[in-house]
Amino acid sequence: MRMSSGFGRTLREAPSEAELTAHQLILRAGLARQLLAGGMALLPLGMRVFRRIEALMHAELAAIGAGEFRTPVVHAASLWQQTGRYAQYGEAMLRFENRNQQALLFAPTHEEAVAELARREVDSYRQLPSLLYQIHTKYRDELRVRGGLLRLREFTMLDAYSLDADWAGLDAVYDRVALAFETIFERCGVRFTAVEADGGEMGGREPREYMAFSSSGEDTLAVCQSCNYAANSEVAVRGQSAANDDLVPAMSEIATPACTTIAELAAFLQVSEAQTAKAVFFNSEKGLIFVVVRGDREVNEIKLRAAAGVSVLEPATLEQISAVGAVAGYASPVGLSNVTVIADHSVVGVGGLVAGANRSGYHLQNVVYGRDWQATIVADIANVEAGDACPQCGASLSLERGIEIGHIFKLGTRYTEALGATYLDPQGQAQPIVMGSYGIGLERLLQVIIEQHHDEKGIVWPACVAPFDLHLVQLGASATVSDAANQLYQQLNAAGVSVLYDDRNESAGVKFNDADLLGMPWRLTVGERGLKQQVVELRNRATGVVDTIGLDEVVTMIMMKDEG
RNA sequence: CGGGGUGUAGCGCAGUUGGUAGCGCGCGACGUUUGGGACGUUGAGGUCGUAGGUUCGAAUCCUAUCACCCCGACCA
């Protein structure tokens with residue numbers, strides 16, 4: 001492609017809307033432009049990267065026998081009503097009507113469509129298993145968009161779906177898809193880890209997230225320093241410490257004026273936050289839930305939902321809190337009954353803690369779980385902190401930031417049962433098809449690649465997703481240089497090397513800086529100076545290493561280096 | 001939705017006693033340049049987010065509204 005006729009330009013300064021480095025580079029390099037919040041237009045250069053990522057995906061999925069298919073992006077509400085997700089999905093689903101007042105939605109994911117197709121197509125176990133995928137637009141009316149391509153409303157997902165006769169089949173294909181996904185990420189040059197995750201809306205077993213390490217990540221990962229344990233902090237668990245409640249003096253009340261927060265309390269009493277118990281109140285569909293965690297811990301709402309067996313959690317009102325006899329700011333479960341108390345492991349077996357006295361201005365010292373109070377449930381409901389023990393090996397956990405670039409689930413029969421997608425087994429019995437679902441976000445992946453592959457000058461593309469293999473820079477506009485550059489452009493193209501040809505009438509500095517910004521793996525410079533010796537200069541973007549090569553050996557040299 | 005912030009030329013920004021808008025980069029033309037963001041001459045480009053209001057007069061003061069960004073609850 002000739003830059004003189006390309007669409008899109010580079011920017012010296014990033015628009016102020018972009019805060020993340022990778023987002024700034026996307027805009028500065030002219031890969032994409034924002035048209036509205038949550039909606040980005042890919043420009044030709046960005047589209048080429050996108051196509052290369054797609055090509056990797058097609059190749060890896062073909063290698064595991066997946067068949068490409070395509071569903072509509074607009075679905076009938078009635079289909080989603082059958083699985084219950086029309087009601088369940090919430091505001092992230094964009095709903096609308098057509099001219100016939102038919103209730104429609106813009107699909108945020110496609111399990112229903114696949115299950116419906118399976119219902120129509122699959123009659124017999126002989127037709128199973130199947131593995132389908134598409135690379136297609138999704139729309140999620142996200143509460144908040146973020147970080148350029150990181151979190152869009154309209155985005156592209158590689159979504160794959162497996163159909164099996166039984167769980168053993170699903171287990172096998174799940175592993176195959178996981179391997180293919182990992183290969184895709186590796187080929188994109190992304191550093192990532194697979195973590196245990198929360199299934200969220202999807203349901204199903206063994207949800208696993210693929211997280212790219214990223215300082216701008218939205219998720220926190222607990223990663224073990226010594227074993228292979230890695231989990232999203234949403235679900236990460238920690239090892240337990242031994243009980244230590246002997247010889248704690250009897251509980252006693254102590255005046256603590258104006259200490260309604262843990263920080264104030266710890267400061268006033270000269271104790272660490274870990275020596276206090278924190279009361280947090282939630283309202284759920286089962287009523288008020290009184291949660292107790294150690295003062296230095298945060299409640300993890302995902303774990304809490306699971307432990308309490310509720311799906312709705314919202315902050316409780318002051319009226320609800322006082323109705324059970326607790327005093328906001330000085331609340332504790334001590335002496336309360338008729339309320340569901342869920343305690344975190346961190347307040348059990350850790351000796352005497354300072355807890356509220358349910359009396360304004362007073363706390364209780366030396367409060368011991370089991371002796372002084374009881375919870376309805378004791379469970380792991382607090383966030384993991386750096387330094388916590390690994391649940392597998394006991395070593396120390398560290399916390400890393402990550403961006404979710406992929407997610408895989410064993411869905412089972414949730415959707416197929418709801419839609420009646422069954423097959424006849426060898427005994428002639430109808431059985432629900434067992435599904436799995438697997439997704440990768442493409443725009444996000446693209447931005448993650450840039451985040452992990454750039455320097456202060458610009459993008460440094462990994463070779464196999466670079467928009468072009470080589471950036472041909474012509475310096476000066478003389479016929480000599482122009483002819484030589486044009487000829488090289490033809491030769492390289494003919495040899496199958498994709499070339500971005502900077503034939504613009506710009507100064508050398510502008511061209512070099514743009515070449516650095518755009519980040520093709522190789523830069524080939526053609527100028528008067530070299531041509532006098534019949535040479536051109538080949539520079540590696542990543543290493544900065546420069547080779548001077550003869551005009552007649554350019555193509556063979558580049559082919560050789562590209563291989564290596 | 002809650003909290004914070006920003007809307008002035010394509011991009012980055014300046015513009016408070018209220019007097020009808022400016023700088024840098026970029027862009028067009030001409031000329032000189034061409035190995036790391038060149039130089040000269042000249043030119044184009046702005047309903048100051050939008051709508052009301054106050055005022056003789058509003059980018060500036062008031063009200064409403066919209067858009068966008070950041071932080072939290074959802075997710076690839």
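Here is the naming used below: chain letters follow the sequence lines, and residue numbers restart at 1 for every chain.
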message: Below the 4.0 Å mark, does B:rG37 have OP1 or OP2 next to a side-chain nitrogen or oxygen of A:Arg9?
response: no

- request: Pick base, sugar-phosphate or nothing for A:Ala92, based on heavy-atom distances below 4.0 Å to the nucleic acid.
  value: nothing

- prompt: Residues two or more places apart in sequence or in another chain: which of them pass side-chain contact (heavy atoms from CB on, under 4.5 Å) with A:Asn513?
  reply: A:Lys457

- request: Considering just the side-chain nitrogens and oxygens of A:Ser507, establish if one lies under 4.0 Å of OP1 or OP2 belonging to B:rG37.
  value: no

message: Taking atom CD as the centre, does A:Gln81 end up with more than 12 heavy-atom neighbours from other residues, nucleotides or ligands that are less than 6.0 angstrom away?
response: yes

task: Answer with base, sugar-phosphate or nothing: what part of the nucleic acid does A:Gly38 contact at a heavy-atom distance below 4.0 Å?
output: nothing

- request: For A:Arg146, report the nucleic acid contact type (base, sugar-phosphate, nothing); a contact means any heavy atom under 4.0 Å.
  value: sugar-phosphate

field: Test applied, side chain to side chain contact (heavy atoms under 4.5 Å, CB included); reference residue, A:Leu517; option that passes from A:Leu11, A:Ile459, A:Leu25
entry: A:Leu25

query: With no angle test and no hydrogens, is the base of B:rC1 tied to the side chain of A:Arg144 by a donor-acceptor pair under 3.5 Å?
result: no

What are the atom names and distances for every N/O pair under 3.5 Å that joins the protein to nucleotides 40-47 of chain B?
none

query: With a cut-off of under 6.0 Å to the ring centre and 45° to the axis, is A:Arg95 in cation-pi contact with A:Tyr86?
result: yes

field: Close approaches to RNA chain B from residues 467-489 of chain A, in residue order (heavy atom, under 4.0 Å)
entry: A:Leu475, A:Gly476

